[in-house]
Amino acid sequence: MQQKYNPHVIEREAQQYWDASGAFRAREAPGKRKYYCLSMFPYPSGKLHMGHVRNYTIGDVLTRYHRMKGRNVLQPMGWDAFGLPAENAAMANSVPPAKWTYENIAYMKSQLKSLGFAIDWSRELATCQPGYYRWNQWLFLRMLEKGLVYKKTGVVNWDPVDRTVLANEQVIDGRGWRTGAMVQKRAIPMYYMAITRYAEALLAALDKLPGWPDRVKTMQANWIGKSHGVRFCFPYDLSGGKAAGTNLPLPQPSSHALLPKGEGAPERGTGAPVSGDVTVEAHVSTRANSALHPAPGSHPSTIRSEPAPPSAGALEPPLSFWERGGGEGSRGAGGEGGSSETQATEKGLLWVFTTRADTIMGVTFAALAAEHPLAARAARDNPKLAAFIEECKRGSVMEADLATIEKRGMPTGISITHPLTGQPVPVWVGNYVLMAYGEGAVMGVPAHDERDFHFAKQYGLPIRQVINAQTADAGAFTTDQWQPWYESKNGVCINSGKYNGLGYHEAVEAIAADLKAKGLGEKQVLWRLRDWGISRQRYWGTPIPIIHCQGCGDVPVPDRDLPVVLPEDCVPDGTGNPLAKRPDFVNCTCPKCGKPASRETDTMDTFVDSSWYYIRFACPDSTRTMVDGRAEYWLPVDQYVGGIEHAILHLLYSRFWTRVMRDLGLITFDEPFANLLTQGMVLNEIYFRRSDNGRMVYYNPAEVEAKAGEDGNRDAILKADGQPVEAGGIGTMSKSKNNGVDPQELIDRYGADIARFFMMFTSPPEDTLVWSDAGVEGAARFLRRVWAFAERKNEVLKWWSANPTLVRWEVGNTEKAATVRREVHANLKQANYDFGKFQFNTIASAAMKILNTLEDLDRSPGPEANVNVHVFVLHEGLGVLLRLLSPITPHISHCLWRELRYGEDVLAAPWPEHDPAALIEDEIELVVQVNGKKRGDVRVPRDADSRAIERIVLADPAVQRHVNGQPVKKVVVVPGRLVNVVV
RNA sequence: GCCGGGAUGGCGGAAUUGGUAGACGCACGGGACUCAAAAUCCCGCGGUGGCAACACCAUGAGAGUUCGAUUCUCUCUCCCGGCACCA
């Protein structure tokens, strides 16, 4: 046995052993309980970063632990290989994205291998392989047939830097999620996936995911954004006649009851009659373009690309945001596509949505978004209003600070009729009303909505109180100052005619019923979630399998022609989509009529790729079907591990995609990930200087020396020139901030085991980790000690292994060895408990404690030492230690397990469980408190009853001193723990 | 503003259902070994007072429940994440 711990040598040997024996090859074993552990696959950006190392170590620890616990484990790995960085790199280096991507994959794979992860590489896949993305295309076509994919022109988020369309979810604070550039609006035809059809199910099923962190479920629920309220309308007549009466016929519900359809009855929690639901596709097919949105189950051979103009019936309501296709608009703006579709007419209904129908009697105005058709109508002969509207539109494009801007508005001169009182209500345009949410118009109730209140104060609109607080401390209503209770749902109606005295719920019910009776509104559910626009005007992605034919329109590529293969030799130059410049790609014949046609050059959002890769891992070699029966064995994923930054996008799309595949009969499960562990982000200090031209220059923390200044502020200087740099706080490791730490340096220097151990030991997996390598030496020291201890005991342990029956352990042994053995088992018990909590840092601690106690026994065995007992405890303890460590530090465990003759392969060893008998003591120590303060401890027999314990404790001198003659009121005895004397 | 999570030594963090606060490690101080250094090993290490035994204080702040609170309840402060003129 090597005298010195040489990680690089033993790690290479262990990895060769695993490779040669196919140790991590997963096989379906019906009847054996499986454990599918998956870490989010990486984008092949070039090399692993610290977050990857953390992520994959967590996954590997869980995989190896459950394997030793007897589960049939699967841990696959793949590559999220399509995406923009490959194109950017291609532009910078004139290398085709494919070449760049495959080279990165090769290098990162070697890095993952050097870390010793128990990955089944036979299942490796990359999403840029035709064998993978052909199924993106295939499912796309199935969804098209089902009406779950549709094409629509709309306003999109346009990233001017990447020159691509972004999904709503990819817009953060009005900026592109990758580039940070301000997003602009553009009208563009694109394909959508109807995730809103599953909104109800995606929301309801969150309750059935006990293995998910609450914060992720909350974020998804907020994102889906269900709100209950009432949708109603104000009739108007601009023709110069009287305002329309209240007996106008209500347009048929199909044009406005735009609830996303839930899934089948079993998933629905409300028990609402399915027949009463009006689905999105039914709606869209009547409104926007019936050829475009075939009913589910139909199989159109063509699709038309442009919506037909809607009929503008006199009493049609404005389009609701569903049909306006708010999904493609950026939040806080959008809807321009809608205004072209809808002309405000002389007579009509102004629709609004409210969650506070109980305040409807307090309406004193209505406010329109700048993009609202009625606003455009009013501006027709009002230049000042037109100018104001233009200003609002411009402002709303460019705002991250929209939330802080002043509330501004302008009257339209239009008057509408209150649906219940028949009173005239003035209509304003307000810059705080969003076209993309709800109806693009709101009722104004200044007394009971804070925004309306300030708006009314500013423009002198009446404020009419209709709710009174029920609590005495609320204070009187005054129009001088806003008070939070004005918005409370706990009041009762006043000044509201027949509704006086009703509480929130009764009032909403009564008012909704009256509106419905008049045909002017009803209860409605509104969702924040929008459909998922998947078209990208980029090269490096899955080609959308559509052919454009002059005669036949948009024709789906027949299944027999799949995959539509992406040429891999393109080098994008930054101008437009390189695919459009490839005649060999674009030119084709129409599958329907055989005439020359052109291929769609848009590609799919890369979130499509990652929405189902975890299913494909079950059967990556399936060439004839997207998935096969093996998916039923492995799925759902038992444990998914990945960054919290994917809490919404990827995880929500995956849940949607799984349901789509289920509804197409491809799989039978509902939810893809049974348990989710969201690992915290890895952060580091940020240092920079501002150069003369105002540009920021970032310095890697490794180049900076930080010292604590006298005033508590940290002063930092650049090591190279000794001059100060500014501290920019702490942020995620990123290229742009130049604050990354390359894990390869750590691995090269210390080896995989030490890097892995340190990562697990330094903080719990879900916590944010501010990078510091201060503790790495401690991890290295520990593993060196493990090695040295094993080396020292090598001969005697080998001897023991050859003669295992010489001595058996006996309960009641009073040697020091018994104490040590108790500690070993107590720590083992604790560690096993901690595995259930994913608390790997304390598992590492437990391993350290076990080594500490074994070393102590070895150094000072105690006067009555029996050599056989002594060796028994060392042998057993080290066996526990090596197995406990093996998920975290597999290489050293593998090596020592063999060296010390514990067995052939530690992977095959059973997971250690503690021996309850080892924990039993004849005498136990109890903490003694007087009035809750610790005053000492006593040893009592294990089976002493409380009366005996009381006697012993009260006789204790320290207790006597603190009781000091006062009468003892009572004595609390917590068995096995403590005694508290109350005086 | 709303929703979620958090605040414990110089640092990372521990404390399972309310039961010895600070495990384990880092850093630091002292010692052993060494010609010396590295490595290794031993001892110490929340604060205040005290030679000491020991006492008092201490888990962001304040209150409450309890024999006993880092843990439960309420109020507040600050930090992190998410959402947001959402009607």
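Only this structure's heavy atoms are used, side chains among them; waters, hydrogens and symmetry mates stay out. Each chain gets a letter, A, B and so on, in the order its sequence line appears, and its residues count up from 1. Everything numeric in this text was worked out from a predicted model, so none of it was measured.
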Sugar-phosphate, base or nothing in reach of Val982(A), heavy atoms under 4.0 Å: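 Since only primed, P, OP1 and OP2 atoms lie under 4.0 Å of Val982(A), the category is sugar-phosphate.
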
Sugar-phosphate, base or nothing in reach of Asp937(A), heavy atoms under 4.0 Å: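 If one applies the 4.0 Å heavy-atom cut-off, Asp937(A) turns out to touch nothing in the nucleic acid.
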
Dot-bracket summary - RNA chain B, pairs being Watson-Crick or G-U whose distances fall under 3.5 Å, with | when paired to another strand: (((((((..(((......[....))).(((((.......))))).((((....))))..(((((..]....))))))))))))....

Summary of salt bridge (charged side-chain N to carboxylate O under 4.0 Å, His left out) pairs that have at least one residue in residues 352-366 of chain A, sequence neighbours excluded: Arg356(A)-Asp358(A)

d(CG, Leu881(A); C1', rC24(B)) in whole Å: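 The answer, rounded to whole Å, is 14 Å.
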
Per Val974(A) side chain, nearest of listed nucleotides rA87(B), rA84(B), rG19(B):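 Given the options rA87(B), rA84(B), rG19(B), the side chain of Val974(A) is closest to rG19(B).
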
Closest nucleotide among rA87(B), rG82(B), rA14(B) to the Met219(A) side chain: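 Nearest to the side-chain atoms of Met219(A), counting from C-beta on, is rG82(B).
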
Base-contact (B) and sugar-phosphate-only (S) positions in nucleotides 38-50 of chain B, heavy-atom cut-off under 4.0 Å, - elsewhere: --SSS--------

Sequence-aligned protein contact record of nucleotides 53-59 of chain B, with B where the base is within under 4.0 Å of a protein heavy atom and S where only the sugar-phosphate is: --SSS--

Phe758(A) ring center within less than 6.0 Å of Trp771(A) ring center: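 Yes.
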
Distance, nearest 0.5 Å, that separates CZ of Arg408(A) from CG of Asn431(A):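 The CZ atom of Arg408(A) sits 6.5 Å away from the CG atom of Asn431(A).
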
rC24(B) phosphate, OP1 or OP2, under 4.0 Å from Asn841(A) side-chain N/O: no

Side-chain N or O of Gln929(A) closer than 4.0 Å to phosphate OP1/OP2 of rG18(B): no

Student check: side-chain heavy atoms of Glu487(A) and His448(A) closer than 4.5 Å: no

Lys793(A)/Glu855(A) ion pair, N-O < 4.0 Å: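 Not counted as a salt bridge, because no side-chain N and carboxylate O are separated by less than 4.0 Å.
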
Salt-bridge criterion met for Glu439(A) and Arg231(A) (N-O under 4.0 Å):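 Salt bridge flag = yes for Arg231(A) with Glu439(A).
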
Separation between the P atoms of rG29(B) and rA7(B), rounded to whole Å: 30 Å

Sub-4.0 Å heavy-atom contacts from residues 824-838 of chain A onto RNA chain B, ordered by number: Gln830(A), Tyr833(A), Lys837(A)

Pull out every protein N or O sitting under 3.5 Å from an N or O of nucleotides 5-11 of chain B, one pair per line with the distance.
none

Pair of N/O donor and acceptor under 3.5 Å linking rC67(B) base with Asn980(A) side chain: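 A donor-acceptor contact between them is present.
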
